[in-house]
Amino acid sequence: MQARHFIDGDWCESGQWSESLDPANAETIGQFADGGLREAQAAVDAAARAFAEPQWSQNPRLRQQVLLEWAAALKSRQEDLAILLTRENGKALAQSRGEIGGAISEILYYAGLARHIPGHVLEVAPGEFSTMLREPAGVAALIIPWNAPAVLLVRALAPALAAGCTCVIKPAPQTALFNAAFLEPLLQLPLLPRGAVNLFAETGHVGAAHLVASPAVDVLSFTGSTATGTRIMQDAAPTMKKLSLELGGKSCCVVLEDADITAVALKLAAAATIISGQQCTAARRVLVHVSRLAEMKQALAAALGEIRLGHGLEAATQMGPLIDWHSRDLVGQRIAEAMGSCDEVLLAGGQPDGPLGAGAFLSPTLIAHRDSGAFFCQEEIFGPLLVLEAFEDDAEAIARANHSDFGLSASVWTHDGARAMRLARALRNGTVWINDHNKLFAEAETGGYRKSGLGRLHGYDALMDFTELKHVYQNVGTL
Ligand code: NAD
């Protein structure tokens, strides 16, 4: 299997190729064209030329039709794409199927919204009109991570296209084959104007850095770590481009004294090990009322201990490998340090032996700790580590949960609806789930408070990240 760049309406190569490996067994899946600055520059130029033509930026019905045709083409290849996603990313096939289905549904959602981007008109004085036009922002550059490469691509690309932007996409090298295969049915649509969507991959960062610094890029949408997001904000400052930054998280799950501990523990174990703990919203810290701490220790250790590791294509697998060996080693090191300094190790995970030994696997770890200032309560460790803490009352639960630089997501678990709502209001996060975790929808905006980012993706508000508001004034007088 080979994946090439797609720039200005043509598939192209850059002379250099890199390999994509299956992280579950180190088998080679294929090669992707490995570009850099030259491809980034050509892609931005092509997108800028395409944006200058009104046939795309001022044609919402065409944009809707393109999105609808892309969604229809994806539907006919859904299973093949899910298998490729599992092979390249490692996640369990059921998770890949869910992600592809969700991504297609999100394309359909934005296809509808493409035809509903209203501005407004005011008569500010007799015969004097202020027309507020919502216009596409221009060239949008999208830097997409590997952990959910279908849904995280679509939640930026679909609103950008619906709004009338032209785009340059830079996927993560770990999932370059999947992203090319997922985009191919869009890129080959006869209705899509040349240069409206461009794609290049690279193993380095020079192409991505060009997207950030280029004055020809009007919007930069980045999903990735807070460290890289901070760097991007600094490097983008001279151009004053619009930024959409979806960054790291450290989700707290607050479990009140009336919760059904056994049932909640099963859900939290799944929420902590989704994509092997490599999801920004994954459960990281469980805060439980002190009266239920002992029960929760036992139930969570049992639930996490029973998670079945394996190749994502095997039916029994609940958790696949991490994205690659480098990541496994970094995450494994931080988890080992956490186990060495926490109050109590309840389940010690690590690298499995035997047939899984060649893959980038790490089994789940559960620890308990009192000091929420510990590095493993504060730092985003992007893998299967869960920390258990106890609280005495709601005020302590809120203080502990808000003791974080992040503010992406949290959950509250109780049968007391009013109390759950009061806690949800007090938690400084972009998303709070009540009696669930990791529920994400095309229709519902997600984004971060504090160091978890800027702006919102999904939902109607995501369109706003890819638009500008223009005031056109005209004095037509009165009769
Ligand atoms: P990362 O920050 O290491 O890398 C992301 C991308 O940034 C890569 O493709 C890389 O090429 C690019 N990059 C690196 N340096 C750059 C630079 N100087 N300028 C421009 N681009 C540059 O993130 P990752 O490890 O790939 O992804 C995991 C992170 O993503 C986690 O922190 C996770 O929480 C976050 N994430 C957030 C969300 C969200 O919705 N908030 C969703 C998924 C993942």
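Both ligands and their constituent atoms are indexed starting at 1 by order of listing. Note that the coordinates shown come from a computational prediction; the quantities given were computed from them, not determined experimentally.
- Residues passing the side chain to side chain donor-acceptor pair (under 3.5 Å) test with Thr230, sequence neighbours excluded: none.
- Among all heavy-atom pairs drawn from Ala282 and Ala272, the shortest one is CB-O, 4.4 Å.
- Ser14 and His5 share a side-chain donor-acceptor pair at under 3.5 Å.
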When you check ligand 1 against the protein, what N or O pairs turn up below 3.5 Å? List the atom names and distances, or just say none.
from     : atom 1 : to     : atom 2 : distance (Å)
ligand 1 : 2 (O)  : Ser225 : N      : 3.0
ligand 1 : 2 (O)  : Ser225 : OG     : 2.6
ligand 1 : 2 (O)  : Thr228 : OG1    : 2.7
ligand 1 : 9 (O)  : Lys170 : NZ     : 2.8
ligand 1 : 11 (O) : Lys170 : NZ     : 2.9
ligand 1 : 11 (O) : His205 : ND1    : 2.9
ligand 1 : 23 (O) : Ser225 : N      : 3.4
ligand 1 : 26 (O) : Trp146 : NE1    : 3.0
ligand 1 : 30 (O) : Gly224 : O      : 3.3
ligand 1 : 32 (O) : Glu380 : OE1    : 2.5
ligand 1 : 34 (O) : Glu380 : OE1    : 3.4
ligand 1 : 34 (O) : Glu380 : OE2    : 2.5
ligand 1 : 40 (O) : Arg155 : NH1    : 3.3
ligand 1 : 40 (O) : Arg155 : NH2    : 2.8
ligand 1 : 41 (N) : Leu247 : N      : 3.2
ligand 1 : 41 (N) : Leu247 : O      : 2.7

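- Listed by first then second residue, pairs satisfying salt bridge (charged side-chain N to carboxylate O under 4.0 Å, His left out) with a partner in residues 373-383 read Arg334-Glu379, not counting sequence neighbours.
- Applying the ring-ring contact (aromatic ring centres under 6.0 Å, His included) test to every pair with at least one member in residues 147-184, sequence neighbours left out, gives these pairs: Trp70-Phe182, Phe178-Phe182.
- For the pair Thr431 and Glu445, the tightest heavy-atom approach, listed with the atom from each and the gap, is OG1-O, 4.5 Å.
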